[in-house]
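What follows is one structure encoded as structure tokens, with my remarks underneath.
Side-chain atoms are counted along with the backbone in the values below, which use heavy atoms only and exclude waters and symmetry mates.
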Amino acid sequence: MTLLRTIRVTLSLAVLAALALYLAMPAEAAVPAGVAGFVEHNMAPIMFAALVVFLLLGYPVAFALAANGLVFGLVGIEFGLFRPDFLQALPERVFGTMNNDVLLAIPFFTFMGLVLERSGMAEDLLDTIGQLFGPVRGGLAYAVIFVGALLAATTGVVAASVISMGLISLPIMLRYGYDRRLASGVIAASGTLAQIIPPSLVLIVMADQLQRPVGDMYEGAFIPGLMLAGLYALWVFASSMINPAAAPGLPPDAQTLRDADGKTRRLSLLVVTIISATGAITLMQTFSTVKAGADYVVLTLSAGMLIAFALAVLNRLLRLKLLSRLAEQVVFVMVPPLALIFLVLGTIFVGVATPTEGGAMGATGALLLAAVKGRMNLKLLKQATESTAKLSAFAMFILLGARVFSLTFYGVNGHRWVEELLTSLPGGETGFLIFVNVLIFVLAFFLDYFELAFIVIPLIGPAAEHLGIDLVWLGVMLAVNMQTSFLHPPFGFALFFLRSVAPKDSYLDRVTGKHTDGITTAQIYRGAVPFVAIQLVMVTLVILFPGMVMHYKSSTPTVDPATIQIDVPMPPSDDLPLNIQPPSLPEAPGLSPELQAPDSTQPEPQDAPPRAD
């Protein structure tokens, strides 16, 4: 740390000395021709390399971006490579960023996730779903993945998901003998699903940087997000088959959701699921015009949950005893997250609300849920508001710094340099995709998803569009790749979140009364490595099967040009004046005589047929 601090101070003093020398230099002082020629031909690469150096030295990203932009702007003005009037666009860019309605969804979804973290919804879900999958080998790990996907579809915040599941499920998994690497890896990886399953903050930023609708980005990421959760579950299944001791099932005494006779009766939950699914599909086929896509899945889930909730309420009020206690509890705990999913994703996919409005409704729903649970108080609101303000200010400062950097970078034609570099790669589109994904994967070791989205994506987008690559597909693919930034040892944020709540030393379990060993940092890192590999497998699948993202186009209404008919109402012929003449069209230069507009002032030939009235 001392060496790094010394290097940082030395570099800062060197930059300040160079600026002081530049300001003190007489106006007539000449720059050496060799230096001038080198800088003129390599301004953009030098600027990008300087940014990388500052980031690797540990300077704050926002200030490193802005400082590079301003310093190289002065250098570019000195060498005649950068027009000074470009800097006049800087205030407009700053206010344009602050007036961006799309970015307003970030604080809404962040606030919603932080409120839900403290509302008790995650605790109820993990407890009930853990009871449901408990007897199965690896059941608790399946429950964590399932709940992680549900929390991702409601919160969109990685920190909230990882911390909630780490506090609630990790002690239970350690209590019943789960392998520490598998347990920590499942929790950290399931929390990162919040970055690919809508409503995701990184997808909002990606849509803004690629200039694509957030709704299209959400719909395109829906299937890859669910498939990634399925790949996590497949890895747990393989681990439990290879090493059964790594993921044991819950013992019978740990299954508390039983009926009076001691039976769980999971079959009644299967019956309710079949009835609800059949009823929801019938309703969608009969009364809805939506027949496919992510919006169809969300609406069908919502309708099915309403049917199941109605059955559970009738069973409890009328004491029909048609549902077991476990089935009834599963239905009741599933209602809040699915209701929030409909409020957020359903309204966005159907087109009733924009992503910003959907985030506002989700935040309101989270407050109502916390009030129903009895968790709403001034302390909760204060903590959620402060954390939301910090994260939003963090994102906004990075974006403003990126605006300053990009202004100078574009002013010295850096975008053309990047575009020519990327489009000239061997292999065409395939070579471009391989290079970009390797670049993102390597940079994810040092940068988080906000920094990657604001720095790298604006440079990649124009080159991809030049190659004819669909930008929504590219954005979803890179979002899956950028998930690895949360699991990369040693700087993954999800690993830091889990480390903050995982027990380091041995402790006395409050249920069994036995001493339980803690989890080391090395075990957390080793547990995350297989899930990083799974995310790379998912990136490969998105590249090989683009249809899992491109289905978003099927929801866009298509118009056949052959069916377009334009009817222009004309007044009756009696109302037209007799001396009216049609306007003459000016001749278009460069057109052949037969393509020119006819001159209506010339008399018609004698042998021409009469005009139709």
inquiry  = For a side chain to side chain contact (heavy atoms under 4.5 Å, CB included) check, start with the C-alpha distance between V344 and M112, then their side-chain angles and the critical distance, and finish with the verdict.
reply    = CA-CA 11 Å; V344 178; M112 180 180 72; 4.1 Å; yes
message = Would V202 and L452 count as a side chain to side chain contact (heavy atoms under 4.5 Å, CB included) here? Give the steps.
response = CA-CA 10 Å; V202 69; L452 289 171; over 6 Å; no
inquiry  = Determine whether V214 and L203 satisfy the following criterion, side chain to side chain contact (heavy atoms under 4.5 Å, CB included), listing intermediate values before the conclusion.
reply    = CA-CA 7 Å; V214 179; L203 291 177; 5.9 Å; no
task = Applying side chain to side chain contact (heavy atoms under 4.5 Å, CB included), run through V186 and F531 and close with a yes or a no.
result = CA-CA 8 Å; V186 165; F531 293 95; 3.6 Å; yes
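Closest approach of V115 to A366, counting heavy atoms only: CG1-O, 3.6 Å. Listed here is the closest heavy atom pair of I457 and A453: CB-O, 3.3 Å. Contact record, L471 with G461: CD2-O, 3.8 Å, taken as the closest heavy-atom pair. Of all the heavy atoms in L498 and S184, the pair that sits closest is CD2-O, 3.4 Å. Of all non-hydrogen atoms in L474 and A464, the two that sit nearest each other are CD2-CB, 3.5 Å. A pairwise comparison of heavy atoms in S276 and G304 identifies CB-O, 3.3 Å as the closest pair.
Side-chain contact between T540 and L536 is absent, with no heavy-atom pair separated by less than 4.5 Å. Here the side chains of F409 and F72 are not in contact, with every heavy-atom distance at 4.5 Å or above. The shortest side-chain heavy-atom distance between F454 and L65 does not fall under the 4.5 Å cut-off. Side-chain contact between F108 and T388 is absent, with no heavy atoms from C-beta onward closer than 4.5 Å. In this structure, I187 and S169 have side chains that are in contact, with non-hydrogen atoms separated by less than 4.5 Å. Considering only heavy atoms from C-beta on, P337 comes within 4.5 Å of L125 through its side chain. Between I455 and L443 the shortest side-chain heavy-atom distance does not fall below 4.5 Å. Looking at L150 and I129, their side chains never come closer than 4.5 Å, going by heavy atoms from C-beta outward.
Here CE of M538 is found 4.5 Å from CE of M548. Values are rounded to the nearest 0.5 Å. Separation of atoms CD1 (I534) and CG (L231) is listed at 6.5 Å; rounding is to 0.5 Å. Note: D470 CG to M550 CE = 3.5 Å, rounded to the nearest 0.5 Å. In this structure, CD1 in I469 is found 4.5 Å from CG in L433, a value given to the nearest 0.5 Å. The CG atom of L228 sits 7.5 Å away from atom CD1 of I197, with the distance rounded to the nearest 0.5 Å. With rounding to the nearest 0.5 angstrom, the CD1 atom of I307 is 9.0 Å from the OG1 atom of T278.
Shown here is F496, whose CZ atom has more than 12 heavy atoms of other residues, nucleotides or ligands within 6.0 Å. The neighbour count for F394 CZ, taken as heavy atoms of other residues, nucleotides or ligands under 6.0 Å away, is above 12. Shown here is F445, whose CZ atom has more than 12 heavy atoms of other residues, nucleotides or ligands within 6.0 Å. Around atom CH2 of W235, no more than 12 heavy atoms belonging to other residues, nucleotides or ligands sit under 6.0 Å away.
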Contacts table for residues 478-495: side-chain donor-acceptor under 3.5 angstrom, sequence neighbours left out:
from, atom 1, to, atom 2, distance (Å)
N481, ND2, N437, O, 3.0
N481, ND2, N437, OD1, 3.0
Q483, NE2, T192, O, 2.6
T484, OG1, N481, O, 2.6
T484, OG1, H488, NE2, 3.4
S485, OG, M482, O, 2.7
H488, NE2, F441, O, 3.3

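For the pair T408 (side chain) and F405 (backbone), a donor-acceptor distance under 3.5 Å is absent. Counting only distance, with no hydrogens or angles, the side chain of W473 and the backbone of V542 share a donor-acceptor pair below 3.5 Å. At least one donor-acceptor pair closer than 3.5 Å links the side chain of S406 to the backbone N or O of R403.
For D208, there are no salt bridge (charged side-chain N to carboxylate O under 4.0 Å, His left out) partners two or more places apart in sequence or in a different chain. With sequence neighbours left out, the side-chain hydrogen bond (donor to acceptor under 3.5 Å, both in side chains) criterion links Q285 to Y296.
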